[in-house]
Amino acid sequence: MIAMNFFRGLFRRKKKEEVIENAEKKSESTELETFCSDAPEILEALKDTMFINPLRLDVSLKDALSKAKQFEKEGDNIRAALWYRVAGGLAIYEGDVSKVKDYFSRYAKLTGKKLKILEVAEEAVKKAQEYYQRYLKEKEKLTV
């Protein structure tokens, strides 16, 4: 009986420690979350659509759009949607609001999903450009 109580106590402590560790992990915010803390609607629009570091991608906007159109023509809507999403993310990086709306509209049409970025495209692209100016330049300084 004493041994069972001893083991129960051990397990309970571990669970409390795990809960504390998980809470600490959740409280850490990303650079984007910190940057958009004053605009939660913009954060919601950008967190699933923008690339944090688009310079690491090995595909251009032109190539992504070409692949999206090719797959759409072939009737492969899943791959077409994927490439429209990539093209939309790259358009955010380039700061072209009309392309962002166009590519994410096509993505939404193919998938049936409603994207927040389509509602606040101008503000989201502006905020993303500010983010890129600030954080990508800092990362370039660190790597040089």
Side-chain angles (χ1 to χ4, degrees), residues 5-144:
N5 288 335
F6 175 74
F7 286 117
R8 283 184 190 157
L10 284 177
F11 290 121
R12 284 187 187 139
R13 284 187 209 128
K14 287 183 181 179
K15 287 181 182 179
K16 288 180 184 178
E17 290 173 6
E18 288 175 13
V19 170
I20 292 170
E21 288 177 17
N22 289 337
E24 288 175 1
K25 287 179 185 177
K26 288 180 183 178
S27 67
E28 295 176 13
S29 59
T30 64
E31 291 172 342
L32 181 63
E33 290 171 336
T34 303
F35 188 73
C36 294
S37 62
D38 61 332
E41 196 171 64
I42 302 300
L43 174 63
E44 184 182 340
L46 291 175
K47 70 180 179 181
D48 293 329
T49 55
M50 80 177 274
F51 294 112
I52 298 300
N53 191 351
L55 301 175
R56 288 185 164 183
L57 295 178
D58 291 334
V59 66
S60 68
L61 176 60
K62 183 179 175 181
D63 292 340
L65 183 59
S66 171
K67 288 181 181 183
K69 287 180 179 181
Q70 177 188 353
F71 284 121
E72 190 173 20
K73 215 182 265 187
E74 294 172 1
D76 191 344
N77 290 343
I78 294 172
R79 287 186 177 157
L82 170 87
W83 284 107
Y84 278 124
R85 190 176 182 111
V86 170
L90 291 171
I92 291 172
Y93 175 66
E94 289 185 358
D96 193 329
V97 176
S98 63
K99 287 181 181 178
V100 169
K101 288 180 180 180
D102 183 30
Y103 303 152
F104 282 117
S105 292
R106 291 181 184 192
Y107 170 82
K109 181 181 174 189
L110 291 171
T111 61
K113 294 182 179 180
K114 186 176 179 181
L115 297 174
K116 189 70 171 178
I117 193 141
L118 294 173
E119 298 171 18
V120 292
E122 292 85 8
E123 298 87 6
V125 170
K126 182 180 176 186
K127 194 72 166 176
Q129 289 300 304
E130 292 172 16
Y131 174 87
Y132 288 137
Q133 287 294 317
R134 181 174 179 184
Y135 289 102
L136 287 185
K137 290 200 181 233
E138 285 180 14
K139 287 181 181 178
E140 286 175 8
K141 289 178 188 175
L142 293 174
T143 58
V144 173

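In this chain, residues are counted from 1 in sequence order.
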If you define the side chain from C-beta out and look only at heavy atoms, does anything of [X] sit under 4.5 Å from [Y]?
X	Y	result
K127	D38	yes
F104	I92	yes
L61	K99	yes
T34	E31	no

Practice task
Please report the closest heavy-atom contact between Y103 and L65, naming both atoms and the distance.
Solution key: OH-CD2, 3.3 Å
Review item, side-chain donor-acceptor pairs of residues 77-91, under 3.5 Å, at least two apart:
{"residue": "Y84", "atom": "OH", "partner": "E72", "partner atom": "OE1", "Å": "2.6"}
{"residue": "Y84", "atom": "OH", "partner": "R106", "partner atom": "NH1", "Å": "3.0"}
{"residue": "R85", "atom": "NH1", "partner": "Y107", "partner atom": "OH", "Å": "2.8"}
{"residue": "R85", "atom": "NH2", "partner": "D48", "partner atom": "O", "Å": "2.4"}

Handout entry: By salt bridge (Lys or Arg N to Asp or Glu O under 4.0 Å) - contacts of D58 (at least two apart)
Key = none
Practice task
Establish, from distance only, whether the side-chain atoms of D63 and S60 form a donor-acceptor pair under 3.5 Å.
Solution key: yes
Completion exercise
The reported gap from CD in E130 to OH in Y135 (rounded to nearest 0.5 angstrom) is 11.5 Å
Handout entry: I52 side, atom CD1; Y93 side, atom OH - distance, nearest 0.5 Å
Key = 13.0 Å
Which atom pairs, one a donor and one an acceptor, fall under 3.5 Å between side chains of residues 115-123 and the rest of the protein, sequence neighbours left out?
{"residue": "K116", "atom": "NZ", "partner": "E41", "partner atom": "OE2", "Å": "3.3"}
{"residue": "K116", "atom": "NZ", "partner": "E119", "partner atom": "OE1", "Å": "3.3"}
{"residue": "E122", "atom": "OE2", "partner": "K101", "partner atom": "NZ", "Å": "2.6"}

Exercise for the section: Determine yes or no for a side-chain-to-main-chain donor-acceptor pair under 3.5 angstrom, with Q129 supplying the side chain and A124 the backbone. Expected result: no
